[in-house]
Asks: 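What follows is a structure written as structure tokens; I'll ask about it next.
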Amino acid sequence: MKSSELRQSFLSYFESKQHQIVESSSLIPGNDPTLLFTNAGMVQFKDVFLGADPRSYTRATSSQRCVRAGGKHNDLENVGYTARHHTFFEMLGNFSFGDYFKKEAIHYAWEFLTVVLGLPKEKLLVTVYADDDEAFSIWQHDIGLPAEKIIRIGDNKGARYASDNFWQMGDTGPCGPCTEVFYDHGEHIWGGPPGSPEEDGDRFIEIWNVVFMQFNRSADGSMTNLPKPSVDTGMGLERIAAILQGVHSNYEIDLFQNLIVASAKAVGTEDLSSKSLQVIADHIRSCSFMIVDGVVPANEGRGYVLRRIIRRAIRHGNKLGQKGVFFHKLVEALDIEMGAAYPELTKLKERVASILLKEEEQFAKTLDQGMKILEEAIANLAGAKVIPGETVFKLYDTYGFPADLTQDVARESGLDIDEAGFKKAMEEQRARARSASNFTMDMSGSINLDTVTEFTGYDSFSGQCEVEMLLVDGVAVEAIEAGQAAVVVLKSTPFYGESGGQVGDQGWLRGNGAFKVLNTTKQAKAHLHQGELLEGRLSVGDKVTGEVDRSLRMATTLNHSATHLMHEALRRVLGDHVTQKGSLVDAERLRFDFSHFEGVTATEIEQIEDMVNEQIRLNRAVETDIMDVESAKAKGAMALFGEKYDSEVRVLTMGADYSIELCGGTHVKRTGDIGFFKIIVESGIAAGVRRIEALTGKAAIDATRQTESRLVSVANLVKGNKETALDKVVALNDHARALQKELDVLKGKMAALAGADLASQAVDITGGKLLVAQVEVNDPKELRDLLDELKSKLESAVVVLAAVNGDKVSLIAGVTKELTKQVKAGDLIKVIAPLVDGKGGGRPDMAQAGGTNPDGLPAALALVPGWVAERV
């Protein structure tokens with residue numbers, strides 16, 4: 001059975017058992033900031049299990065793409081060396097949210113494995129948690145497994161419930177026992193059953209895990225039964241495909257074999273058994289799907305993990321003799337294998353290949369040089385088995401070699417790396433790479449509110465309200481007096497609570513007193529009016545009139561509506577990969593963060609502005625509809641980043657289907673109300689994330705006028721007008737460049753004269769000359785130029801120059817080729833730099849240092865002749 005057929009067979013089977021087929025979620029978890037990547041099928045259902053995300057179904061099945069290459073779950077270093085470790089894999093799963101439980105889950109697993117797939121029953125054995133008599137009984141009496149094939153696994157990790165067969169979402173929260181199904185590959189393969197000393201062997205392979213979430217674990221460790229026990233299962237597609245296709249290694253299945261053949265062709269090798277081809281075939285999967293889900297190469301977080309994997313793949317291609325770019329070419333082969341199951345790959349494959357090519361080209365510039373340094377370091381170990389941490393750091397810092405890539409190369413030579421030494425220099429950056437942690441629940445929350453505030457502000461700026469609750473410093477009170485800061489919770493309100501990037505409303509609550517609302521936020525479904533009672537008294541149950549600051553709300557509304565128009569324009573101009581990564585909409589401007597791998601060009605900004613302003617000029621009606629989530633998706637509505645939606649959602653349509661999004665914010669009635677749209681800033685704020693700031697209405701007009709005013713000022717300075725200012729500035733710039741060239745020529749002549757004078761001060765040493773001098777130069781480049789001039793004049797020499805500018809000292813040492821065996825510039829600099837409170841280093845022929853103690857310079861220079869004399 002092909003891998004694609006297996007995936008479909010699994011989903012179809014559980015669909016026949018009334019399970020809703022749910023598409024794979026993104027590799028970037030949308031509901032768990034504690035995870036670096038989605039690493040299991042249940043991640044997208046976390047909030048469903050916790051009861052925070054009600055669904056229209058209670059049974060689900062999925063084929064979830066997963067990555068384990070960073071943080072707690074990191075299989076990167078094992079890829080290519082074992083039969084079943086991958087950075088990317090697919091997890092087939094079925095889930096019950098308070099519906100069926102142990103009996104049904106076990107029967108489904110057994111039926112699919114033995115009936116649908118036809119696995120021999122005698123090849124299967126299972127494990128259960130030691131105390132789970134119910135699961136043991138189901139396997140023995142319902143399924144008919146002999147007792148000797150049902151292995152109880154106890155608390156084997158040093159604490160109660162710390163067991164391979166007891167799963168927990170975190171230190172607290174839902175947890176429960178699990179049962180696992182193992183396949184016996186036969187006596188010809190070394191290894192023992194689970195729970196035995198030989199369990200790490202390859203004979204018995206886990207193929208299915210069923211987790212029974214039946215308890216809630218409290219902070220004190222106590223266990224209570226969950227009101228709705230649930231089921232979470234997982235089966236690795238690659239593992240079960242290997243069994244069905246009669247092979248032992250996952251890399252021998254059809255999916256990988258085709259990728260390995262494509263990899264071999266790309267790197268120019270015929271040895272299909274190469275472990276490096278396995279690495280490349282694995283890595284093209286993880287890299288491509290990370291990029292599909294919005295990750296781009298970077299030096300931190302997810303982008304850093306992606307960069308590490310790309311560079312590891314490139315290094316293995318280089319190892320096979322491929323010195324040019326090749327990795328990006330494999331995207332097409334991957335699309336052939338997996339595009340049918342994941343059409344988003346097909347849609348974005350050109351962008352994926354483009355990003356991989358750019359990263360290949362960047363790394364290719366330093367790969368050869370870095371490998372030479374590493375090979376030289378290995379050759380110089382003189383029998384030692386550990387590469388120094390300093391070398392590992394240099395490779396990372398200068399050549400972009402992640403430590404695990406260096407370790408990968410070292411392992412092939414039977415060596416290891418000095419992790420402690422490297423870690424000391426790289427702790428901060430390594431911490432970013434290890435930023436994932438345990439799968440935990442967010443148990444925080446300042447106030448426990450069950451109140452549901454009705455929002456009446458879509459069509460009104462005021463309304464009659466009743467005080468539901470008063471809070472002072474997070475504590476509920478019955479009344480507040482003038483001068484007290486508090487939070488007011490109302491039964492209904494015209495004030496918009498901060499959410500979806502839109503700031504909360506300000507205004508007044510007037511009744512027996514006057515409460516100034518400084519901000520409105522939301523917690524759960526309650527609106528919290530934060531502010532101060534300026535006069536009177538306010539009590540729970542009081543009737544008040546809510547008055548929203550109309551001018552602030554109106555200006556905010558213009559910016560929010562413009563954000564939707566711009567979001568669509570970005571997707572049309574830059575591509576469908578653009579997704580929102582955050583936003584802030586207030587009365588002054590809009591700020592929009594989005595995924596994009598390079599800066600937005602001036603031409604693209606003009607296109608985006610033109611597209612938005614065209615929609616504004618068309619002055620089309622803005623429509624809002626309330627419908628269920630599935631209907632909204634069918635209409636083409638796009639959900640916004642970081643937002644959670646109820647079963648019924650508000651769908652905003654702008655410009656006759658130009659933009660359709662789910663949004664609970666306030667908006668204009670017609671697009672023409674926005675007036676005018678102008679982008680004022682485009683910048684990068686993180687790897688693969690860009691930010692646009694823009695203005696609307698009067699603010700946009702004012703900004704345009706300010707720009708025109710500045711143009712007039714520039715025109716006056718260059719003695720021109722608005723029409724001739726550009727030509728005048730270009731002419732001035734050309735003149736400045738010409739003057740700079742003349743100045744550089746004069747500086748060169750002066751340096752030559754200074755060099756000739758200084759050269760006459762050199763003294764004889766064995767094999768050449770020694771010159772030590774303090775000179776007057778303005779920058780390090782002049783110092784280097786002067787050094788080169790002197791080395792050329794003296795032919796065979798050691799030259800040390802120093803310059804003082806304010807409280808800063810610059811040192812430079814140069815040694816001509818004839819003398820570098822005896823005297824090394826880097827060693828010399830390291831000796832004298834501490835005397836000026838500095839440090840530095842460099843090559844044997846040239847080294848530099850900076851210091852902050854000019855008073856120590858005479859002693860530093862005086863040290864040089866004796867140090868050199870000892871060596872020549």
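If you read the sequence from its start, that first residue is 1, and numbering goes on from there.
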Asks: Can any side-chain N or O of S595 pair as donor or acceptor with the backbone N or O of H577 at less than 3.5 Å?
Replies: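 The answer is yes, because a donor-acceptor pair under 3.5 Å joins these two groups.
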
Asks: Is a donor from one side chain sitting under 3.5 angstrom from an acceptor on the other, for N721 and T724?
Replies: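 Distance-only check passes for N721 and T724.
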
Asks: Check whether any side-chain N or O of R68 sits under 3.5 Å from a backbone N or O of N39 as a donor-acceptor pair, and report yes or no.
Replies: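 A pair under 3.5 Å: yes.
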
Asks: For residues 843-870, which residue pairs pass the salt bridge (charged side-chain N to carboxylate O under 4.0 Å, His left out) check, not counting sequence neighbours?
Replies: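 Matches after skipping sequence neighbours: R843-D845.
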
Asks: Can you say whether the rings of F289 and F88 are parallel (under 30°), tilted (30 to 60°) or perpendicular (over 60°)?
Replies: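 Because their plane-to-plane angle is under 30°, the rings of F289 and F88 count as parallel.
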
Asks: I would like to know whether R690 and E598 meet salt bridge (charged side-chain N to carboxylate O under 4.0 Å, His left out); could you show each step before the answer?
Replies: CA-CA 8 Å; R690 309 297 300 179; E598 58 189 355; over 6 Å; no

Asks: Using only atom types and a distance under 3.5 Å, with no angle test, would you say the side chain of S583 pairs donor to acceptor with the backbone of R591?
Replies: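 No, the answer is negative, given that no donor and acceptor are paired below the 3.5 Å cut-off.
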
Asks: Give a yes or no answer on whether the side chain of S274 reaches the backbone of D271 with a donor-acceptor pair at less than 3.5 Å.
Replies: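 Checking the backbone N and O of D271 against the side chain of S274, no donor-acceptor pair under 3.5 Å is found.
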
Asks: Indicate whether any N or O donor in one side chain lies under 3.5 Å from an N or O acceptor in the other, for T601 and E604.
Replies: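 The answer is yes; a qualifying pair exists.
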
Asks: Kindly say whether T820 contributes a backbone atom to a donor-acceptor pair with the side chain of K824 at under 3.5 angstrom?
Replies: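 Answer holds: yes.
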
Asks: Report yes or no: does S288 contribute a side-chain atom to a donor-acceptor pair with the main-chain N or O of I284 at less than 3.5 Å?
Replies: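 Yes; judged by distance alone, with no hydrogens or angles, the pair exists.
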
Asks: On a heavy-atom basis, which atom in V777 and which in A803 lie closest, and how many Å separate them?
Replies: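 That would be CG2-CB, 3.6 Å.
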
Asks: Excluding sequence neighbours, so at least two apart, what forms salt bridge (charged side-chain N to carboxylate O under 4.0 Å, His left out) with R589?
Replies: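 Counting only residues at least two positions away or on another chain, R589 forms a salt bridge (charged side-chain N to carboxylate O under 4.0 Å, His left out) with E693.
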
Asks: Please confirm whether the backbone N or O of L801 pairs with a side-chain atom of Q774, one donor and one acceptor, at under 3.5 Å?
Replies: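 Not a single qualifying donor-acceptor pair exists.
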
Asks: Kindly say whether G767 contributes a backbone atom to a donor-acceptor pair with the side chain of S796 at under 3.5 angstrom?
Replies: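 Pair found, side chain donor or acceptor close to backbone of G767.
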
Asks: Any Lys/Arg nitrogen of R691 or E682 sitting under 4.0 Å from an Asp/Glu carboxylate oxygen of the other?
Replies: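 Answer for the salt bridge query: no.
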
Asks: So does K781 pair up with D785, basic N to acidic O under 4.0 Å?
Replies: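 Salt bridge flag = yes for D785 with K781.
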
Asks: Are more than 12 heavy atoms from other residues, nucleotides or ligands located less than 6.0 Å from atom NZ of K394?
Replies: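 No, not enclosed.
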
Asks: Backbone N or O of I28 within a donor-acceptor pair of the R302 side chain at under 3.5 Å?
Replies: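 No, because the side chain of R302 does not come within donor-acceptor range (under 3.5 Å) of the backbone of I28.
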
Asks: Sub-3.5 Å donor-acceptor pair from the side chain of N805 to the main-chain atoms of K808, do we have one?
Replies: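 Checked: no pair found.
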
Asks: Scan residues 277-292 for pairs that pass salt bridge (charged side-chain N to carboxylate O under 4.0 Å, His left out), counting only residues two or more places apart or in two chains.
Replies: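 Passing the test, one end in residues 277-292: E238-R285.
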
Asks: Are the charged groups of K722 and E708 less than 4.0 angstrom apart, N to O?
Replies: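 Looking at K722 and E708, the cut-off is met.
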
Asks: For L790 and A759, which heavy atoms make the closest approach, and how far apart are they?
Replies: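 That would be CD2-N, 3.8 Å.
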
Asks: Quick one: OG1 on T406 to CG on D416, what's the gap to the nearest 0.5 Å?
Replies: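 Result: 11.5 Å between the selected atoms.
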
